[in-house]
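Heavy-atom basis, side chains included; hydrogens, waters and symmetry copies ignored. All residue numbers refer to positions in the sequence shown, counting from 1. In listed order, ligands and their atoms are each counted from 1.
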Amino acid sequence: MKRLDGRVALVTGASRGIGAAIARTLAAEGVRLGLASRSGDDLGIAGAVARPCDVRDPASLEAMVAATVDRFGGLDILVVNAGVGAYGPFLDLPADQLEELIDVNVKGAIYTVRAALPHLVRSDAAELVTIASEAGRRGLPFEAVYCASKFAQVGLTRALDHELREHGIRCTNVCPGGVATDFAMGRGRTPDMPQLAGMMAPQDVAETVLFVLTRPRNHRILEVALRPMTETSWG
Ligand code: NAP
């Protein structure tokens, strides 16, 4: 039996990596999907609404949300996942990457929620799941601006949990450690770096999101932290 049959979800950053794994996992559970990314990839998911959408652009998000709601008649689940990374010494971070980290991870997350929330409040079982990071729970060296952007996401979702509970909207931060994707490739990660082999798979995060979304509605999970066995607990 499909556990989320008929629900409607919007996933940002759905074209690759963690977002694509979440989208496929939700589709397998009967969720009808809006898939947002700059490339507009539909992942071959039948019936999905996929269109180019840049989370830095509120108008682009409004159009994405409208297309999803028009097709499916509402919106129940928002997965704020689109994000970029860059690792390296603080002063070496190029200005354009600094701007992108803040524009996509911080402002993009805020714009995404603002576009979707008017529809989520009309759902009888609404969910807001943010794919934040371990970097949103602790300061990590050579990730200062990324950490700042992820702390912002964690703060946003925590605050919204307080504000939106009266509307029955469950708000969850999912905070993974290293996941083997294209993330930060060429910006502190390389395809041949040995750490990649020990990282989690995108599907590990997708299964965690599915767990969160399938809890009985008498409770909500505020935060999930998951880390590869190859990572320490303190660094
Ligand atoms: P990824 O493989 O690089 O995928 C990033 C996704 O975001 C792509 O679908 C990309 O699609 C989309 N995207 C990037 N900029 C965008 C923009 N301006 N507007 C719309 N979509 C945009 O990275 P990932 O590892 O799956 O990361 C997904 C999320 O997980 C991020 O928020 C990241 O911070 C978080 N995370 C990752 C890790 C990790 O180790 N990989 C760990 C913890 C948390 P297009 O290029 O088509 O736009």
Listing, residues 95-102 side-chain donor-acceptor contacts under 3.5 Å, not counting sequence neighbours, or none:
unit_1: E100; atom_1: OE1; unit_2: R187; atom_2: NH1; d: 3.2
unit_1: E100; atom_1: OE1; unit_2: R187; atom_2: NH2; d: 2.6

Side-chain donor-acceptor pairs under 3.5 Å in residues 149-156, sequence neighbours left out?
unit_1: S149; atom_1: OG; unit_2: N105; atom_2: ND2; d: 3.1
unit_1: S149; atom_1: OG; unit_2: Y146; atom_2: O; d: 2.7
unit_1: K150; atom_1: NZ; unit_2: I131; atom_2: O; d: 3.1
unit_1: K150; atom_1: NZ; unit_2: Q153; atom_2: OE1; d: 2.9
unit_1: Q153; atom_1: NE2; unit_2: N105; atom_2: O; d: 2.9

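Under a 4.0 angstrom heavy-atom cut-off, K150 registers as being in contact with ligand 1. Residue G85 places every heavy atom at 4.0 Å or more from ligand 1.
Listed by number with element, the atoms of ligand 1 under 4.0 angstrom from any heavy atom of I131 are 30 (O), 32 (O). Within the listing of ligand 1, atoms 47 (O) sit less than 4.0 angstrom from a heavy atom of S39. The atoms of ligand 1 that sit less than 4.0 Å from any heavy atom of A82 are 7 (O), 21 (N), 22 (C), 32 (O). Annotation for ligand 1: atoms under 4.0 Å from non-hydrogen atoms of V104 are 18 (N). For ligand 1 and G178, the ligand atoms under 4.0 Å from any heavy atom of the residue are 40 (O).
Closest to atom 40 (O) of ligand 1 by heavy atom, among R56, R189, M200, is R189. The heavy atom nearest to atom 32 (O) of ligand 1, considering only D103, V174, N81, is found in N81. Of all the listed residues (G17, G83, A20), G83 holds the heavy atom that lies closest to atom 5 (C) of ligand 1. The closest non-hydrogen atom to atom 48 (O) of ligand 1, taken over R38, R16, K107, comes from R38. Within the set G177, G19, S133, the minimum heavy-atom distance to atom 42 (C) of ligand 1 is found for G177. Of the candidates V11, T130, D41, I18, the one placing a heavy atom closest to atom 37 (C) of ligand 1 is I18. When the options D182, T181, L226, N105 are ranked by their closest heavy atom to atom 24 (P) of ligand 1, first place goes to T181.
A salt bridge is absent between R7 and E127; no separation between the charged side-chain nitrogens and carboxylate oxygens falls under 4.0 Å.
Between D41 and S39, the side chains place no donor N or O within less than 3.5 Å of an acceptor N or O (distance only, hydrogens not considered). Side-chain contact check for T25 and Q203: at least one donor-acceptor pair (N or O, by modelled atom type) lies under 3.5 Å.
At least one N or O atom of V179, backbone or side chain, sits closer than 3.5 Å to an N or O atom of ligand 1.
Of the heavy atoms in C53, only backbone atoms (N, CA, C, O) come closer than 4.0 Å to ligand 1.
In this structure a side-chain-to-backbone donor-acceptor pair under 3.5 Å is missing from D76 to A126.
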